[in-house]
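What follows is a set of notes on a single structure, which appears directly below.
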Amino acid sequence: MDVSHLIEGLNDAQREAVTAEPGPLLVLAGAGSGKTRVLTHRIAWSVQVLGASPLSVMAVTFTNKAANEMRGRIEGLLDRPVGGMWAGTFHGLSHRLLRAHWREAGLPQGFQILDAQDQLRIVKRVLRQLGLDEAYWPPKKVQWLINSYKESGRRPAQVPAGDDPQQRQFLRIYEEYEALCLRAGLVDFAELLLRAYELLARNEPLRAHYQHRFRHVLVDEFQDTNEIQYRWLKLFVAAHRQLFAVGDDDQSIYGWRGARVENILQFEQDFPGTRVIRLEQNYRSTANILNAANAVIAHNEGRLGKKLWTAGDQGAPVRSYTAFNEVDEARFVVDRIQEWVAEGHRRDQVAVLYRSNAQSRVFEETLVNEGVPYRVYGGLRFFERAEIKDALAYLRLIANRDDDASFERIVNMPPRGIGNRTLEALRARAAAGGSLWSVARDAAGAGLGGRAANALAGFCRLIETLAEEIRDLELAEQVDLVLGRSGLLDYYREQKGEKAEGRVENLEELVTAARQFRPDEAEALEPLHAFLVHAALEAGEGQAGEWEDCVQLMSLHAAKGLEFPLVFLTGLEEGLFPHQHALDEPGRLEEERRLCYVGMTRAMRELYLTWAETRRLHGREHYARPSRFLAEVPAELVQEIRPTGGAGPGTAPWASTPAPAAPPAGIRLGGRVRHAQFGDGVILNYEGRGEHARVQVNFEQAGSKWLVLAYADLQPI
DNA sequence: CGTGGGCGGATTTTT
DNA sequence: TCCGCCCACG
C-alpha cells in the first residue's frame, strides 16, 4: 500500500513523530506547528503501516470540537470510516466506560449527567438540607471545592479532616452531596472521570481488558490535563507504555482550573526512555509576530524551552496603540477593521481578543454604531438555555423518575400550583432516603394538604402518561409531544416580549435538533437516552450565525487553537492583563504571560497591541499603566501608532475632559507605604483629588484596599 | 405566582 | 456600572 501521503509534506520533526518506533513519546508542539496534523497522521500511520486495528486506538482530547475534527481528518487520510476507534473527550470516553459497566461502577443503569448549573442547584439544596448559611458556605465555592477534590482523585474518605471544624463540616457537605447524587442517579462532570478511573483501578479483569485492547493511546493538549486525567491515562497504558502525548507548556493557560503543566515534566520520569520531539517550525505567523511572541514568553522561567521560527516572510511590524480610554481603543480597532474590509478582506478574518468578557461591551457598541456585523464567543450555549433545560428535564424525568434535579426543575414549570411550601414538605420527606418522585407519588396519603396533593397527583399522572405515549415514537416526535403536553410551549407562547419569542423558537429548534440527531451506534443507547447524553456532554454552539461573515470577538482563552489573519490584542494594562488577581498571587503571572503568548500567536499576518490610559471598570475610572508584556516586545519589532488628525485630542470628545489628576503628594504608583492597621503595602492606583483623593493599596497581609487619603494616614517607606 | 427593587459580586471555562 | 439572584409584596 502506498503510504507516502502520510509523510509527504511533513518537516523532519513532524515526520519523526509520525513514524517513531513504539514507546512513550512526548511531542512539544509550538503554536501553529501542525500538531493536529502530526496526531492524525500518526494514527493513520499506525493503522496503515504498523497494521494496527482502529479498534486498538484511543485518541483523547479536551473538547468535542477537537475530537470531531480529529476523527474527520483521520477518516479523510484513511479514506474510510473508523467507527471502532475511540476518539473523544476525557469525559465522553469515561461516560462510555461507565455506560458499558454501570453495574461494576455502582451506578444505576439510567444515570444522567449533571452540568455545572445542575450541580450548583444540588449543592444549594444540600446546604439548605444541612441548615447551613449560604453566606458562610458560598455555593459556588463549595461546588469548586468538591470538584477540586474529585479532580485530585479524592473521595470524602480520602480527605483528612482532623479537628478542623470547618473542614469537618465541608466533609459533611461533600458526603451528603455524593449521597444525594447517587440516590438520584446523577453524575457530575468530575464524577465521570473519577468514577471511570476508579472502575479500572479497582477492577483487575476490566483493566486488563482495556489495556490489552488499546495499544495506541494518544492525547492532545497534554499540558491541560489535571491530576485525575493523567492518572486515567497512565492506567490505560501501564502495561505497554504506548502513550503519544502532544502538548505545549507555553500554552498552558488553565492552571486555575486544575490543569497541571507539571504533568509534562513528570512524563519523562513516569515513562523512562521517553522520546521527546520538538515541533518548532511555525506555519502560521510572520517572522515579526513570532519574534515578538518569542521575546515575551522568554521572560518566563521553568520552560521546557522552544523557539518558534518560520520559513516565511518578515511581515509587517507589530503595531501598538495607546488609547485615551476604552472608547478610543474600540474606535481605533473598529477603524482598522473597516480599513481592512475596505481593502477587500473578509470580516471573519479579524479577531478582537480581550482578557475578560466585560471588555467586549465597548467593542460591541462601536461595531453596532458602525454597522459592522460581529459575533461574540462565549455566553449561554444552546443546551444551557433555561427553556431547553426545562424541556430536557421532562425527558430526563421520564427516563429516570429518581432524577431529583429534573423533578425540582419542572414540578412547577409551567406553574401548576405546587409552591415552595409543598416542595419543602417533599424535600423533608425525601431526606430520609427516597427520591422526590417517590414521595410525591404517595403525597396524598402522606398528609399533604388537599390542593397540593391534587396538583402533585396531576403532575405525576402527566409524567406517567407522557412516558406511556412517547414509548413507540421517533425521537423528534417524542420531544415534540412532550413540549406540547407538558404545557411548556404554550406557557412560553403566552408570555409577551422578544425574550419569550426567542424561547419558543429555541424550543422549536430543539425538535429540529432531535430530528437531526444521529446517535453514536457504539454507545448502544436508546435514542432518547443518547440525545440526553449528547445534550449534557456537548452543550452546542454559543450562537447561531457562524456562517455569516462577521468580526470575531472573544476572550484570550476562547481563542486558543484558532488563527486569524488580523488580530487585535486589547486592554494591555497592568491590573487587567496581567489581571490583578494574578498579580496578587505569586506564581500566577507566568500563566498570564502564556496567555499573552497564546494571543499573539493567533495572528497570521497582522497583530495590533492596544491599551488605554484610562478605563472605566465596575463603574470606576482607572488610570492604568501599560502592561509589562508590552515592554517585553523588542522595540525594533514594534511600530507605535499615534493618534492622528481627526482622531486626535483636538476633536475627540474626551480631549476636553481634564487630564488625569496628578497623583496626590507622596503617592507614586508602585511605591511602598505603611498603614497603622493594615501594615505595609504597595500603591496600585489612585483617583480623585483634594480631600476626595483615594488610593488603592495592596497590603501584604490585608490584601488590596481603597483608602481615603485624608483619613488613612499612610506613611511612605 | 409574577414582578420589581435591593443587594452583592464582577477574570479566564470545557465537559 | 451592570447584571443576576433573592426576597417581599401585590
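Labels below follow one simple rule: chain letters A, B, ... track the order of the sequence lines, proteins then strands, and each chain is numbered from 1.
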Separation of atom [atom1] in [X] from atom [atom2] in [N], rounded to whole Å:
X: A:Q495; N: B:dC1; atom1: CD; atom2: P; answer: 14 Å
X: A:Q359; N: C:dT1; atom1: CD; atom2: P; answer: 19 Å
X: A:R416; N: B:dG2; atom1: CZ; atom2: C1'; answer: 17 Å
X: A:K141; N: B:dG8; atom1: NZ; atom2: C1'; answer: 16 Å
X: A:M413; N: B:dG2; atom1: CE; atom2: C1'; answer: 12 Å

Could you check, using the six-membered ring where one of them is a Trp, whether [X] and [Y] have ring centers closer than 6.0 angstrom?
X: A:Y197; Y: A:F90; result: no
X: A:Y354; Y: A:F577; result: no
X: A:W102; Y: A:F111; result: no
X: A:F629; Y: A:H299; result: no

**Prompt:** When you compare B:dT11 with C:dC6, how far apart are their C1' atoms, in angstrom units rounded to a whole number?
**Reply:** 24 Å

**Fill in**
Given protein heavy atoms under 4.0 Å, the one-letter contact record of nucleotides 9-15 of chain B, with B base, S sugar-phosphate only and - none, is simply -BBBBBB

**Request:** Please work out whether B:dT12 sits syn or anti, treating a glycosidic angle within 90° of 0 as syn.
**Result:**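 In terms of base orientation relative to the sugar, B:dT12 is anti.
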
**Smallest separation among heavy atoms of A:E387 and A:L488, with atom names** = O-CD1, 4.4 Å

For [X], which contact category applies under a 4.0 Å heavy-atom criterion: base, sugar-phosphate, or nothing?
X: A:N412; answer: sugar-phosphate
X: A:K560; answer: nothing
X: A:L114; answer: nothing

**Request:** Classify the angle between the aromatic ring planes of A:H534 and A:F517 as parallel (below 30°), tilted (30 to 60°) or perpendicular (above 60°).
**Result:** tilted

